[in-house]
Amino acid sequence: MSGMVPDERITDAGEPAGFAKRVMTAVLWRSGSQFAAQMVMWTATFFVIRLLQPSDYGLFAMTQSILVLLNLLCGYGFASALIQAKEIDESKVRQVFGLLIVLNGSIALAQVLLAPLAAAYFRQPMVTHMLRVQALIYISTPFIALPSALLARRMDFRREAQVNFAGAIAGALTALTCALAGAGVWTLVMAPIALFWTRAIGMTIAARALVWPSFRFAGLGGTWAFGGAMILSQFLWFVQTQADVAIGGRALPPHELGLYTTALFLSQIVTSKFIPPLNDVAFSAYARIQNDRAAVAYGFGKAARIVMLIAAPFCLGLAATAEPLILTVLGEKWAEAVPLVRIVALAMPALAMQILFSPAATALGQPGVQVRVSACGAVIMPVAFIVGIHAIGGGIGLASAWAWGTPLLMLVTARLAMPVIGVTAKAMVRAVLPGLGSGIVMALAVLGVDQMIDMRSPALRLAVLVVVGGAVYCGLVLTFARTTVLEAMRLLLRR
């Protein structure tokens with residue numbers, strides 16, 4: 001079919017000619033566009049946060065837990081099978097498209113019908129109306145998932161990047177308009193709908209993927225197996241990541257839940273916004289070179305070094321500067337979120353590493369690793385949240401669960417995935433130590449300076465701490481991790 005990637009010329013080294021360059025280009029487009037799109041969204045988000053109330057975010061978090069659960073059945077795993085498969089044809093693409101339409105139409109209808117039950121569980125009638133409107137998101141999913149998979153198979157992330165940026169603008173403008181108009185919690189409902197439908201239209205045009213769907217699913221055995229494993233692992237991932245809202249949403253008032261979820265949003269900016277795009281590229285790249293395990297292990301080690309070089313200073317710096325940052329950016333009404341951010345941010349370097357492992361193992365044809373990892377997470381994190389909410393109580397209890405549950409899950413994930421990827425524990429320690437060690441020293445230096453200065457202006461205090469932290473971290477990595485810095489610079493310079 002048109003757009004299929006032709007067979008590539010293989011070099012003497014066994015690597016497709018120009019493959020490394022294509023991977024670097026894909027990384028730059030995927031991560032660069034994500035950064036640009038997030039800048040647009042964050043500008044709008046932080047402005048909207050100042051206008052809305054914590055209770056609005058609490059209500060929204062309740063509906064999000066339902067959306068995330070049903071989104072597991074949307075069929076992204078079946079679309080991903082098109083990326084991992086060695087060969088595909090137009091018939092298979094049409095079948096996957098038909099499957100996506102059936103799945104998402106059914107999910108939208110189910111959410112409309114079951115919305116009152118979710119509202120009864122959370123004891124918030126507004127949840128019914130919000131969920132029924134949010135069902136519109138599922139109708140857009142087939143027109144996003146299929147084109148995205150086809151472009152990822154070609155490793156053409158430039159067009160997807162352009163569409164994602166357009167979607168970010170549409171979502172940001174919708175959010176700003178609704179917030180200024182006094183729409184309250186409906187601001188948080190309408191902005192994602194605008195973003196998803198803009199992406200649906202743009203992705204379909206960019207990938208030229210408007211094919212006639214086929215509802216005959218014979219011959220999709222491999223796709224069913226791969227997609228089924230992905231759905232199972234994603235369901236377990238849902239249990240792991242949404243247990244806090246499911247537990248806290250029933251035990252906490254919307255105001256306190258809103259404080260916790262906003263603190264979690266700030267703490268997970270790197271792990272939820274920047275690493276997933278890199279994993280998208282990595283999944284495609286690992287799948288293309290899955291027969292060369294040495295190359296996969298080498299690439300994984302490099303990815304871990306660069307990710308930790310970025311994630312460690314951001315997360316640990318966020319923990320050290322939480323108070324002036326929140327007072328400056330969000331305002332006084334969010335001051336109660338400060339201790340929550342400090343606790344959760346400390347766990348995020350471990351989460352950054354943990355989410356790197358499973359996509360690599362899955363791309364190598366071992367989705368069972370991701371299932372086992374997700375199963376462990378579905379036990380460890382809910383237990384941590386239950387213990388936290390009962391032993392400590394409130395949002396602090398939920399935040400504390402991240403502090404010990406996430407590092408434990410990361411160690412379990414590494415133990416399961418490293419043999420498949422082909423990396424050793426010693427190699428992983430060498431990969432993460434430069435960024436993590438420098439980040440810890442930087443955070444301690446920032447806390448020390450913060451104790452010595454006495455500034456009433458949160459903005460000025462934040463500026464001083466950022467300058468100190470940046471100077472200390474740059475000095476450390478240039479002294480002790482120069483090789484890792486040069487790797488990152490070569491990537492940015494496309495060398």
Side-chain angles (χ1 to χ4, degrees), residues 38-64 126 168 171-192 244-245 248-249 252-270 272-273 314-346 348 394-396 398-399 402 443 446-447 449-451 453-470:
Q38 287 303 320
M39 288 299 102
V40 173
M41 290 299 296
W42 287 340
T43 301
T45 296
F46 290 130
F47 182 80
V48 168
I49 287 176
R50 297 181 73 94
L51 294 176
L52 302 186
Q53 299 299 319
S55 58
D56 294 328
Y57 285 89
L59 287 170
F60 182 67
M62 295 173 188
T63 65
Q64 283 299 101
M126 176 64 77
L173 291 176
T174 302
L176 290 172
T177 301
C178 291
L180 291 171
V185 71
W186 289 104
T187 301
L188 306 176
V189 173
M190 299 309 299
D244 53 350
V245 174
L252 304 178
H255 174 86
E256 192 167 356
L257 183 64
L259 291 171
Y260 166 76
T261 55
T262 300
L264 191 62
F265 161 74
L266 291 174
S267 303
Q268 291 185 333
I269 284 176
V270 169
S272 66
K273 302 301 181 183
F314 179 88
C315 299
L316 299 178
L318 178 62
T321 62
E323 183 177 14
L325 175 67
I326 288 178
L327 294 178
T328 301
V329 177
L330 305 185
E332 288 282 349
K333 68 181 177 183
W334 292 94
E336 295 173 87
V338 170
L340 305 178
V341 171
R342 285 175 173 162
I343 296 172
V344 177
L346 291 175
M348 290 302 105
I396 290 290
L398 294 177
W402 288 94
V446 169
L447 289 174
V449 171
D450 196 22
Q451 293 296 316
I453 61 177
D454 183 15
M455 295 181 178
R456 293 189 176 181
S457 169
L460 183 58
R461 178 182 165 200
L462 176 63
V464 171
L465 296 179
V466 168
V467 170
V468 170

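You'll find the side chain of T63 stays beyond 4.5 Å of the side chain of L188, heavy atoms only. Side-chain contact between T187 and F60 is absent, with no heavy atoms from C-beta onward closer than 4.5 Å. Taking 4.5 Å as the limit, some side-chain heavy atom of V449 sits within range of a side-chain heavy atom of L465. Looking at heavy atoms from C-beta onward, K333 lies in side-chain contact with Q53 at the 4.5 angstrom threshold. In this structure, the side chains of Q64 and V245 stay at 4.5 Å or more apart for every pair of heavy atoms. Counting heavy atoms from C-beta outward, W186 and M126 have side chains that approach closer than 4.5 Å. Side-chain contact between F265 and V344 is absent, with no heavy-atom pair separated by less than 4.5 Å. Between P339 and I396, the closest side-chain pair of non-hydrogen atoms falls below 4.5 Å.
Distance check: R456 CZ to R461 CZ gives 13.5 Å after rounding to the nearest 0.5 Å. To the nearest 0.5 Å, atoms CD (E332) and CG (L330) are separated by 11.0 Å. With values rounded to the nearest 0.5 angstrom, I49 atom CD1 is found 6.0 Å from L266 atom CG. Atoms CG and CG, from L346 and L316 in turn, are 6.5 Å apart once rounded to the nearest 0.5 Å. Interatomic distance, CH2 of W402 versus CG of D244, reported as 6.0 Å (0.5 Å rounding). Here the OH-CG distance, from Y57 to L264, works out to 14.0 Å after rounding to the nearest 0.5 Å.
For the pair V48 and A179, the tightest heavy-atom approach, listed with the atom from each and the gap, is CG2-CB, 3.9 Å. A172 and A44 make their closest contact through CB-CB, 3.7 Å (heavy atoms, listed as atom of the first residue, atom of the second, distance). Closest non-hydrogen pair, G171 versus A191, comes out as O-CB, 3.6 Å. Across all their heavy atoms, R50 and G331 have their closest contact at NH1-N, 3.5 Å. The minimum heavy-atom distance linking P324 with P458 is given by the pair CB-O, 3.5 Å. Shortest non-hydrogen contact noted between V341 and A322 is CG1-CB, 4.0 Å.
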Do M62 and L257 pass the side chain to side chain contact (heavy atoms under 4.5 Å, CB included) test, and can you show the C-alpha distance, the side-chain angles, and the key distance before you say yes or no?
CA-CA 9 Å; M62 295 173 188; L257 183 64; 4.0 Å; yes

Tell me, with the steps shown, if V185 and L52 meet side chain to side chain contact (heavy atoms under 4.5 Å, CB included).
CA-CA 7 Å; V185 71; L52 302 186; over 6 Å; no

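A donor-acceptor pair is defined here as one N or O able to donate and one able to accept, closer than 3.5 Å; such a pair exists between the side chain of E256 and the backbone of G395. Side-chain N or O atoms of T261 include one that pairs as donor or acceptor with a backbone N or O of G258 at under 3.5 Å.
When each of T328, I326, V446 is tested with T321 by the rule side chain to side chain contact (heavy atoms under 4.5 Å, CB included), just one qualifies, namely V446.
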